[in-house]
Amino acid sequence: MRKFFSNLVASPMFSFYVTGLLFIILFGFGSVSFEGFFSPQVFLNLFIDNAPLIIVTAGITFTIISGGGGIDLSVGAVVSLTCMSLAYLMRDTSLSPYLCMFLVLFIGIAIGLINGFFITFFKLQPFIVTLGTMFLCRGLTAMISRDSVAISNEEYGNLAFTSFEIGDCFISLGAVIAIIVVIIATIVLRYTSFGRGVYAVGGNEQSARLMGLRVDRIRLMVYVISGFCAALGGIAYSWIMLSGYTLHGLGMEMDAIASSVIGGTQLMGGVGFIPGTVLGVMIQGTILTIISFQGTLSAWWTKIVVGVLLCLFIVMQALVTEHRNKLMNLKAEDSGKKGKKA
Amino acid sequence: MDMLKKFSQSSLALPLTALALLLLFNAIFVDDFFKIQVMENGNLYGRPIDILYRASSLIILALGMTFVIATGGIDISVGAVVAISAATCCLMLGGDISGVPAHPFIIAILAALAAGIIAGIWNGTLVAKFKIQAMVATLILMTAGRGIAQLLTDGQIITVYYKPFSYIGGNIPGVMLPTAMLIALCMVVLVILLDRKTSLGLMIQSVGINQNASRYAGVKVTAVLFAVYIFSGFCAGTAGLIESSLIRAADANNAGLNMEMDAILAVTLGGTLMVGGRYYIGGTIIGAITIQTLTTTMYAVGVSSDRLPAIKAIVILLIITIQSERFKQMFREWRMKRADKAAKEASHA
């Protein structure tokens, strides 16, 4: 029994199990405390309300896993820039909404390329470079318009309100896209050579280079993916807001990083699991839902609770890593002894 | 010529050049940029004073950040700590409209500074004791900090009517320079003394370069890490006092918003690398002044505050690119090629 626990704690999926358990506990707590909380629709609402954040978090997780201080602070600003560009394109041009959406995806890719270029070619710190592009995107958004621009295109509005029925409940188009993005991201990270390369680079850049992996190319790709996801998240965001504004997606990068960490991604790189990060987003969403069901608590409690959760998870990760290292040393000693006997 | 060469190789060359270029731009395009007047009430007034005055809280934050970054860490919670400190101070003074403070002024100041130091102890514990990566450790307080500040003020904006409170962000009657500038000056002197007269600076550098090696060499790594985070918290507490006094209120949502980013930028512009090790106090101060000068310049030529980040971003990306090793190497190769070419042409002739 003890050995079972010891192995469970050391397994790479341990943080995922803990996050899952925490989500079930939180959701269970809500269901017990409030009438009407336990319904499939409340659960699906978590996806509907957090679709942009889920998409953005999937992207940012790639950059964090790639290690070397990898992080993308520009995502929130890219979300804002795509919303504003969409609103502007649909107001001042007669382009089809579908073409507009296609075009704004390239904004994300371009920002990703800029980030990746500065980080890989000039070997600059990802933190500073993406901080720079964050300022750049916020400024560019304000250059398009300082005031909020509403999206009044009818076709686009219909698209935003598209919903799919599942039994008695419904799910929005944004949520469906978020789920698809999560599935693709999971498969890419776990089962393709590129995904394994990302883990390898994050785990140990030197070894990855010696193995013959093209480290710089993988790094560049990671930032392009993050930028692309941010733009896609921006489109999903515009479906909720139906407007473009300079303050859209403010602080989203920190929410995404927090979700990622709660979901078991280590900021040192090399460790991370996309479904876990989705659970991270859902946990934050559940806290918000509980607070809104409760009615008297103020919104700032969300921040405090998320902070406390972050703290718990980070300390847990530190302890787990220590335990794993101890176990590895024990195993190494064991095999050493066996080798001597033979 | 020799002086010029020496200057171009010094670490301060680039930040100073950037600042000089900005000032030159101002001198040409902005009328009366360098004019300093004495106001009727005896205060000094003019754009250079204004820049230094507005840059004071950034300088203070950046000083704390320099030490943190020099140990290879980062403190992204300072903006939230500014909000907590501002909330604490205003809470202690109370929002009584008759201007009578709820607690003595000095207690309120000490409480605000203590709030900053407690935040620093929290960060320090996580980083030094639990060995958690600095960015993640300070992310906790960054997320929760504004929530705590709002909890303190109960979600309200407390406006303080107590007159002396406005002296911190404004002028003490009869003193020519803004108080914030004087506080920043004191902090700079304190930091330079700590850096030059004690071995603390050396220890911080050695921790930043290699923690294990420093431990074997007898440096108390845990204590040094603790100290830098506490100092950063103290700096954030001081900046919180200035920021709240400027608007005579505690606004938990906006006090110190994005200041952590500006502080990190100031440190980077000053030439300190984010991987830790060598740090440049002078560079940091110049970096902070450069950021503020850029802001003031852009306002002066009519760029609005929400468009400003785009220009700031371009300047920052440009400066950090020029500072990068890769760029320097490319520049050296280009110069060598040119010298070769010139030599060849000379031999042909």
Side-chain angles (χ1 to χ4, degrees), chain A residues 69 71 73-74 77 114 118 120-129 131-146 246-247 250-251 254-255 257-258 261 265-268 284 298-315 317-319 321-322, chain B residues 74 76 80 122 126 130-137 139-151 153-155 252-253 257-258 260-262 264-265 267-269 273-275 303-327 330:
Chain A
I71 206 155
L73 296 177
S74 65
I114 296 175
F118 277 102
T120 56
F121 189 76
F122 286 111
K123 305 265 174 283
L124 294 171
Q125 284 283 319
F127 191 92
I128 295 292
V129 173
L131 184 62
T133 45
M134 170 181 126
F135 283 133
L136 184 70
C137 291
R138 286 260 173 240
L140 286 177
T141 312
M143 278 184 188
I144 297 175
S145 166
R146 297 181 65 188
T246 42
L247 295 182
L250 198 66
M254 286 304 159
D255 285 342
I257 295 168
V261 171
T265 313
Q266 288 194 7
L267 281 186
M268 274 177 266
Q284 291 198 45
S298 307
W300 62 75
W301 278 103
T302 325
K303 290 180 185 169
I304 296 179
V305 175
V306 171
V308 170
L309 281 183
L310 262 179
C311 181
L312 282 177
F313 270 84
I314 289 161
V315 171
Q317 275 179 2
L319 293 177
T321 315
E322 202 171 307
Chain B
I74 196 167
I76 54 172
W122 165 260
L126 288 180
F130 289 96
K131 311 259 178 296
I132 293 167
Q133 236 195 324
M135 166 117 191
V136 196
L139 177 67
I140 297 171
L141 201 55
M142 187 197 188
T143 323
R146 283 190 194 278
I148 295 171
Q150 270 164 333
L151 194 69
T153 60
D154 211 16
N253 274 319
L257 194 64
N258 282 338
E260 63 277 354
M261 301 301 175
D262 275 345
I264 295 166
L265 280 181
V267 176
T268 320
L269 290 188
L273 290 179
M274 290 199 51
V275 286
V303 176
S304 70
S305 65
D306 42 10
R307 290 175 188 179
L308 175 74
I311 291 154
K312 208 157 127 185
I314 291 167
V315 173
I316 290 158
L317 286 177
L318 207 67
I319 295 180
I320 58 171
T321 307
I322 295 171
Q323 276 176 337
S324 73
E325 278 306 315
R326 182 71 185 260
F327 184 85
M330 277 162 65

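We name chains A, B, ... by the order of the sequence lines, and we start the count at 1 in each one.
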Between [X] and chain B, with a heavy-atom cut-off of 4.5 Å, which part of the residue counts as in contact: side chain, backbone, both or neither?
X      : result
A/F127 : side chain
A/L131 : side chain
A/L124 : side chain
A/F122 : both
A/L247 : neither

Please check: side-chain N/O of B/R307 versus main-chain N/O of A/A142, any donor-acceptor pairing under 3.5 Å?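 Indeed, once roles are kept as given, a pair shorter than 3.5 Å links the two residues.
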Check whether any side-chain N or O of B/R326 sits under 3.5 Å from a backbone N or O of A/K123 as a donor-acceptor pair, and report yes or no.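 Answer holds: no.
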Which portion of B/I74 sits near chain A, non-hydrogen atoms under 4.5 angstrom: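 Contact with chain A is through the side chain of B/I74 alone.
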Rounded to the nearest 0.5 Å, what separation is found between the [atom1] atom of [X] and the [atom2] atom of [Y]?
X      : Y      : atom1 : atom2 : value
A/L310 : B/L141 : CG    : CG    : 11.0 Å
A/M143 : B/I311 : CE    : CD1   : 4.5 Å
A/R146 : B/S305 : CZ    : OG    : 6.0 Å

Identify, with sequence neighbours excluded, every residue that meets ring pair (Phe, Tyr, Trp, His ring centres under 6.0 Å) alongside B/F130.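 Once residues adjacent in sequence are excluded, B/F130 has no partner under the ring pair (Phe, Tyr, Trp, His ring centres under 6.0 Å) criterion.
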Could I get the full list of side chain to side chain contact (heavy atoms under 4.5 Å, CB included) partners for A/K303, not counting sequence neighbours?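 A/K303 satisfies side chain to side chain contact (heavy atoms under 4.5 Å, CB included) with B/R146, B/Q150, B/N253 only.
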Would you say that B/M142 contacts A/M254 through its side chain, given a criterion of any heavy-atom pair below 4.5 Å between the two side chains?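 The answer is yes; the side chains approach within 4.5 Å.
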For residues B/L265 and A/F135, determine if any side-chain heavy atom of one lies less than 4.5 Å from a side-chain heavy atom of the other.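 SC-SC contact between B/L265 and A/F135 confirmed.
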Between A/G139, A/A77, A/G132, which residue shows the highest count of heavy-atom pairs closer than 4.5 Å to chain B?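 Ranked by contacts with chain B, first place is A/G139.
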